[in-house]
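Working notes, structure below.
Model, not experiment: these values are computed from the prediction.
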Amino acid sequence: MSLFDTVLLAAQRPGQRNALAEKHGVTHKCLVPIAGVSLIERMLSTLTGHRGCRAIHLVIEEEGFAAVGSLLEQFKRPDLQIHHILPSPSIMESALAGCRNAAAPYVITTADNVLLSHTAIDTMLTGLAGGASALLAFSTRPAVHALHEEAQRHFYKVCGHEIANCNLYALAGPDALDAAAIFRDGGQFMNHPIRLLRAFGPENIALGRLGLIGFDTMSKRVSKRLGLTIRAAMMTDGTQAIDVDNERTYGVVEAILTGKIDLPPGAGPPQIAMLENDDQR
């Protein structure tokens, strides 16, 4: 079994109040309840329930950590530590701060990624074991829309496919931290295409969007540009590209969690489990 540290990004955007948090009367989006359980509680359950996870580096403000602190006792495990990391102004610097406090390899995800599955994590670890310096997880439009047409509206058109980001990344070691350029300026590539160009290069983006190169070739070209072995991990489980961004996606995720949307066998997150001792795991 591969061991890994998780960097869990749960901070607010600087100077902004989250609309979902305000609607639900909480200070941070990660505290928003969904199907009776807060987002952060679901993520902690998933991560601590994976036997390969040896530490969680929770990136959140002081006041957010104080609010989350009461939940941490439920997820204590003798062989797992939960560390508090103060956020930086940008999501890229926050991810880097988490990794610098962690031991490689690193899995990076966000607190609103509540459908994250152990299968997806294992897929990323397998990619690192296969020689990748860094992996970015994606899923395709057909896989996502097979669940719900409103699950994701925005897709990148690249290499003859339409794909969506899964907010899941894996880095093999300190040398791969340069791959955190994918987070630069907040990483909002869909709304700010110039950031995509800076990260991957205009020629690579043009060739990919025209469908003139496939994913393998694109990965090799981007790897050469960054001096790393970058790979895309394509998730066949469309739930992995659905996080809780707004009221629309909140409704879709809640429907998935409450069984109102049928999932393919093996799809979706692990069940929430409040575990009290190691014998129960």
Side-chain angles (χ1 to χ4, degrees), residues 1-10 30 32 34-58 74-75 77 80 82 105-130 132 134-148 151-152 155 163-171 231-245 249-275 280-281:
M1 176 180 60
S2 298
L3 300 178
F4 63 95
D5 278 21
T6 301
V7 176
L8 182 58
L9 302 169
C30 69
V32 169
I34 187 164
V37 181
S38 69
L39 303 182
I40 190 68
E41 197 169 352
R42 289 186 178 278
M43 290 303 297
L44 289 171
S45 176
T46 295
L47 294 169
T48 59
H50 193 298
R51 296 301 298 174
C53 184
R54 64 193 166 202
I56 297 171
H57 305 267
L58 178 60
Q74 303 175 54
F75 300 102
R77 210 178 77 193
L80 183 147
I82 299 178
Y106 322 105
V107 171
I108 305 170
T109 190
T110 55
D112 57 7
N113 196 17
V114 296
L115 297 179
L116 177 66
S117 71
H118 288 174
T119 299
I121 294 172
D122 291 340
T123 298
M124 304 298 274
L125 296 174
T126 298
L128 294 182
L135 282 99
L136 295 71
F138 298 95
S139 191
T140 64
R141 179 190 285 270
V144 176
H145 282 183
L147 302 166
H148 197 288
Q152 178 63 262
F155 293 85
I163 59 175
N165 185 1
C166 294
N167 279 348
L168 180 63
Y169 311 88
L171 306 178
R231 295 288 181 265
M234 199 61 64
M235 302 293 169
T236 57
D237 176 2
T239 65
Q240 300 306 290
I242 311 170
D243 55 14
V244 182
D245 273 335
T249 52
Y250 179 96
V252 173
V253 172
E254 186 176 49
I256 289 172
L257 292 171
T258 56
K260 295 177 182 176
I261 294 178
D262 292 331
L263 299 180
Q271 293 296 310
I272 286 287
M274 304 306 174
L275 303 172
Q280 290 178 278
R281 292 182 174 84

Interatomic distance, Leu171 atom CG to Ile108 atom CD1 [nearest 0.5 angstrom]: 4.5 Å
Going by the rule side-chain hydrogen bond (donor to acceptor under 3.5 Å, both in side chains), which residues pair with Asn113 if we only count those two or more places apart in sequence or in a different chain? Thr109
To the nearest 0.5 Å, what is the distance between CG on Leu115 and CD on Gln240? 7.0 Å
Over all atoms of both residues, closest heavy-atom pair of Cys166 and Phe138: SG-C, 3.5 Å
Who pairs with Ala233 by side chain to side chain contact (heavy atoms under 4.5 Å, CB included), at least two apart in sequence or on another chain? Thr123, Met124, Leu135, Met235
Is the closest side-chain heavy-atom distance between Val244 and Val32 below 4.5 Å? no
All heavy atoms of Arg231 vs all of Ala132, minimum pair found to be CG-CB, 3.9 Å
Return the CD1 to CG distance between Ile261 and Leu257, rounded to the nearest 0.5 Å. 9.5 Å
Would you say the side chain of Leu116 lies within less than 4.5 Å of the side chain of Leu168, judging by non-hydrogen atoms? yes
List the residues meeting side-chain hydrogen bond (donor to acceptor under 3.5 Å, both in side chains) with Ser139, not counting sequence neighbours, and say none if there are none. none
Which heavy-atom pair separates Ala164 from Gln152 by the least distance, and what is that distance? CB-CG, 3.9 Å
Is there a side-chain contact between His50 and Asp122 in this structure, where contact means two heavy atoms from C-beta onward sitting under 4.5 Å apart? yes
Roughly how far apart are Cys30 SG and Arg42 CZ, rounded to 0.5 Å? 14.0 Å
Counting the benzene-type ring for Trp, do Tyr106 and His57 have ring centres under 6.0 Å apart? no
Would you indicate whether the side-chain heavy atoms of Arg77 and Arg51 approach each other to under 4.5 Å? yes
From Leu125 CG over to His118 NE2, what is the distance, rounded to the nearest 0.5 angstrom? 11.0 Å
Can you give me the closest heavy-atom contact between Ile34 and Glu254, atom names plus distance? CD1-N, 3.7 Å
Cys53 and Thr6 have their tightest heavy-atom pair at SG-OG1, 3.6 Å
Asp112 side chain near Asn167 side chain, heavy-atom distance below 4.5 Å: yes
Closest heavy-atom contact between Arg141 and Phe155? CA-CE2, 3.3 Å
Could you tell me if the side chain of Leu58 sits less than 4.5 Å from the side chain of Ile40, heavy atoms only? yes
Tell me whether Ser45 contacts the main-chain N or O of Glu41 through its side chain, where contact means a donor paired with an acceptor under 3.5 Å. no
Residue pair Leu47, Leu80: steps toward the side chain to side chain contact (heavy atoms under 4.5 Å, CB included) verdict: CA-CA 10 Å; Leu47 294 169; Leu80 183 147; over 6 Å; no
Which value, rounded to the nearest 0.5 Å, describes the distance between His148 atom NE2 and Ile242 atom CD1? 9.5 Å
Taking the side chain as every heavy atom from C-beta outward, state whether Leu147 and Leu263 have any pair of such atoms under 4.5 Å apart. yes
Do Phe4 and Leu128 touch side chain to side chain, with heavy atoms closer than 4.5 Å? no
